[in-house]
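Here's the structure, in structure tokens; my notes come after.
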Protein chains: 2
Amino acid sequence: MQRDLPPLNALRAFEATARLESVSQAAQELHVTHGAVSRQIRVLEDDLGSALFRRQGRGLVLTPAGQRLRDASAAAFAQLRDACEQLRGHAAQTPFVLGCPVSLLTRWMIPRLERLMAELPELNLHLRPQEIPFDEALTGLDAALLAAAPPWPAGWHVFPLARERIGPVLSPRFAQTHGLLHSDPSAVLGQRLLHTASRPHAWQSWMESQHLPMEKLHFSQSYPHLYHLIEAAVAGLGVAIAPAQMVADDLASGRLLAPWGFQDTAAQWVLAVPSRAPTSRLMPLATWLEAEFTAHEKLPAANGQR
Amino acid sequence: MQRDLPPLNALRAFEATARLESVSQAAQELHVTHGAVSRQIRVLEDDLGSALFRRQGRGLVLTPAGQRLRDASAAAFAQLRDACEQLRGHAAQTPFVLGCPVSLLTRWMIPRLERLMAELPELNLHLRPQEIPFDEALTGLDAALLAAAPPWPAGWHVFPLARERIGPVLSPRFAQTHGLLHSDPSAVLGQRLLHTASRPHAWQSWMESQHLPMEKLHFSQSYPHLYHLIEAAVAGLGVAIAPAQMVADDLASGRLLAPWGFQDTAAQWVLAVPSRAPTSRLMPLATWLEAEFTAHEKLPAANGQR
DNA sequence: ACGACCTGTTAGAAAAACTCACCAATCCAT
DNA sequence: ATGGATTGGTGAGTTTTTCTAACAGGTCGT
């Protein structure tokens with residue numbers, strides 16, 4: 001049978017008090033009031049059944065019993081501190097592996113990476129390109145950044161970052177651009193529409209949201225990745241449909257135009273983590289990403305003009 | 001600057017779980033539910049920022065980080081356990097010194113001492129004869145047993161045990177006894193009244209409570225201690241006035257009679273302790289004494305006949 | 001496939017810890 | 001000596017933590 005340990009928090013209060021020979025200073029070190037420390041010491045004395053301090057005037061003197069306990073607890077706590085220090089240090093320098101689809105990585109993450117590293121230097125972020133669908137257990141990842149619609153796989157914990165919003169984009173260099181700029185959304189019907197196998201329903205869902213018929217679409221070549229699709233649009237090969245965030249920088253620089261704005265989809269941009277992962281390193285990243293994503297909410301809403 | 005310790009209670013839960021390789025068994029050892037342990041481990045993992053267990057089927061496996069922490073915490077806790085064990089053991093075998101006036105000691109405590117020692121063997125009780133008034137700090141005592149009226153000195157913590165009740169007692173061998181047995185309390189007026197310097201007001205307060213005049217009292221010799229007073233009564237030298245508890249055994253055995261019962265005084269029998277003494281060894285004694293004192297409440301009340 | 005067994009999770013209840021405000025004692029500077 | 005500053009102790013009330021109870025989901029053995 002296991003012998004009983006004393007109340008550990010009381011022991012911590014005692015150790016600090018014994019080391020500093022002052023209740024008040026110990027309270028300061030432990031970030032509590034002196035009353036709390038005084039009480040904890042009382043609890044410990046009561047538990048052990050012997051006085052640990054002699055109250056002498058406005059100070060304290062350790063009793064022999066107190067001295068022995070101080071030595072033991074100081075050593076024990078030092079050992080625990082060392083071990084935890086080591087673990088924490090090791091955990092801190094382990095890279096935080098973030099899975100991310102190549103399209104997002106290329107067009108959104110990389111332009112922001114330097115700033116992210118500067119603002120969260122402790123994170124030691126490593127990006128791992130990885131396409132949707134993600135492994136259910138997120139094997140080898142500390143987190144994944146992706147756009148997806150609920151329901152989420154069991155075993156994920158999901159931080160919503162922003163609604164996904166998509167819309168048609170085209171280059172100023174595209175031959176028909178001038179005629180399209182002030183037209184209805186229906187004007188896209190006759191254009192060369194670029195699309196990607198990774199988002200086969202993008203045009204369909206946008207057309208539905210605009211109440212346009214789908215039969216008259218003129219699909220051009222299909223691109224394997226969203227990344228290529230957007231590059232094709234930038235090159236003026238036709239009208240692409242893309243999530244707002246992934247063309248934000250191109251819109252800002254004028255390389256792309258979005259005459260009909262963007263439209264919410266059922267999907268969201270989320271940060272997904274295995275449900276029982278430690279949260280301490282996660283929260284700063286989640287916060288940063290959310291801020292960065294919502295900073296783009298200033299992009300034109302659906303039907304907005306640019 | 002002091003580095004931070006991990007949450008200690010969480011660490012204790014982890015240590016038990018790691019040692020037993022089971023959340024459920026650890027919960028059993030710690031006398032909590034498995035949910036509590038599971039949660040504590042989660043808190044610790046979160047605090048340290050690294051997983052300590054790999055959940056594998058219905059069991060647990062320590063991660064390398066967990067193993068290191070287990071070794072460190074097992075050693076640290078063992079050290080603390082040892083030290084506290086030693087302190088507790090030392091405290092337990094230190095005698096518990098109970099100050100007690102000789103009268104009470106002789107006539108009440110000693111007859112019950114064997115039973116007390118048998119029922120509270122861990123207490124290691126030492127009686128120290130000591131007369132009222134007691135030192136305000138109760139120097140050298142763990143507690144004091146005495147009859148006194150409030151207010152109590154500052155720095156005492158007082159466990160009330162029973163009201164003090166006093167009444168006249170006399171021996172069957174006393175010459176006038178037969179005539180007194182069925183008389184009014186006023187019959188004492190003409191008798192030889194025994195009294196003691198240690199309680200000069202005893203007769204006075206009793207007479208007042210009976211609404212009898214005090215002028216006609218025939219005081220006999222004064223005895224230095226209550227103890228002698230009672231012995232004088234037993235010897236048939238006159239009528240003594242004594243607290244109920246101190247003649248209880250004599251009444252039971254017939255060596256003394258209390259024809260007019262007993263009367264509450266302003267005083268109480270109390271167990272007094274220095275206010276910041278540890279309570280763990282105290283409570284069993286206080287409980288035992290209270291039970292023993294109130295067991296005598298069955299003695300005849302004031303005006304009751306015997 | 002089923003029950004036995006184990007761990008994780010949640011809301012709400014219970015317990016522990018803390019703060020605040022006060023007191024008493026001591027020390028120190030005037 | 002006296003009044004202010006500092007220190008420790010205490011009690012009431014509140015906040016925070018921890019625990020329980022009940023359920024969910026997975027794995028193992030039969």
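Predicted model, so just to flag it, every value in this text is computed and none were measured. Sequence lines set the chain letters: A, B, ... in the order given, protein chains first and strands last, and positions in each chain run from 1.
- Toward the 5′ end of DNA chain C lies the nearest nucleotide of B:H34, the other residue of the pair B:H34 and A:A10 mapping further downstream.
- Within a 6.0 Å radius of CD in A:Q79, other residues, nucleotides and ligands contribute more than 12 heavy atoms.
- A:R55 and A:E45 are joined by a salt bridge, as a carboxylate oxygen and a charged side-chain nitrogen come within less than 4.0 angstrom of each other.
- The shortest distance between side-chain heavy atoms of B:Q268 and B:V158 does not fall below 4.5 Å.
- Between the CG atom in B:L52 and the CG atom in A:L87 there is a gap of 7.0 Å [rounded to 0.5 Å].
- When the C1' atoms of four end pairs are superposed on the next four at each end of the helix from C:dA1-D:dT30 to C:dT30-D:dA1, using five pairs per end, the two resulting axes differ in direction by 40°, to 10°.
- Among B:E164, B:Q245, B:E290, the one residue that satisfies the side-chain hydrogen bond (donor to acceptor under 3.5 Å, both in side chains) test with B:W269 is B:Q245.
- Summarising the local packing, CD of A:E21 is surrounded by 12 or fewer heavy atoms from other residues, nucleotides or ligands at distances under 6.0 Å.
- Residues meeting the side chain to side chain contact (heavy atoms under 4.5 Å, CB included) test with A:A91, sequence neighbours left out: B:S50.
- Within residues 39-49 of chain A, the residues that have a heavy atom under 4.0 Å from DNA chain D are, in order of number, A:R39.
- When DNA chain D is scanned 5' to 3' for any atom under 4.0 Å from a heavy atom of chain A, the first and last hits are D:dT6 to D:dG11.
- Distance CG/B:L48 to CD/A:Q86: 12.0 Å, rounded to 0.5 Å.
- Residues A:Q130 and A:R128 bring no donor and acceptor atom of their side chains to less than 3.5 Å of each other.
- The stretch residues 51-59 of chain B comes close to DNA chain C through B:R55, B:R58, each having a heavy atom under 4.0 Å from the strand.
- Between chain A and DNA chain C, the heavy-atom contact criterion of under 4.0 Å yields a 5' to 3' nucleotide range of C:dA17 to C:dC27.
- A salt bridge is absent between A:D4 and B:R81; no separation between the charged side-chain nitrogens and carboxylate oxygens falls under 4.0 Å.
- For the atom pair OG (B:S103) and CD (B:E131), the distance works out to 5.5 Å, reported to the nearest 0.5 Å.
- In terms of heavy-atom proximity, B:C100 sits nearest to B:L105 at SG-N, 3.8 Å.
- Relative ring orientation between B:F293 and B:W108 is described as parallel, the plane-to-plane angle staying below 30° on a 0-90° scale split at 30° and 60°.
- Using modelled atom types and a 3.5 Å distance limit, the side chains of A:T279 and B:D46 yield a donor-acceptor pair.
- Using a 4.0 Å heavy-atom distance criterion, B:S38 is classed as a base contact.
- When each of B:T33 and A:E21 is assigned the nucleotide of DNA chain D bearing its nearest heavy atom, the one mapping closer to the 5' terminus is A:E21.
- Note that the CG atom of B:L161 and the CG atom of B:L145 stand 6.5 Å from one another [nearest 0.5 Å].
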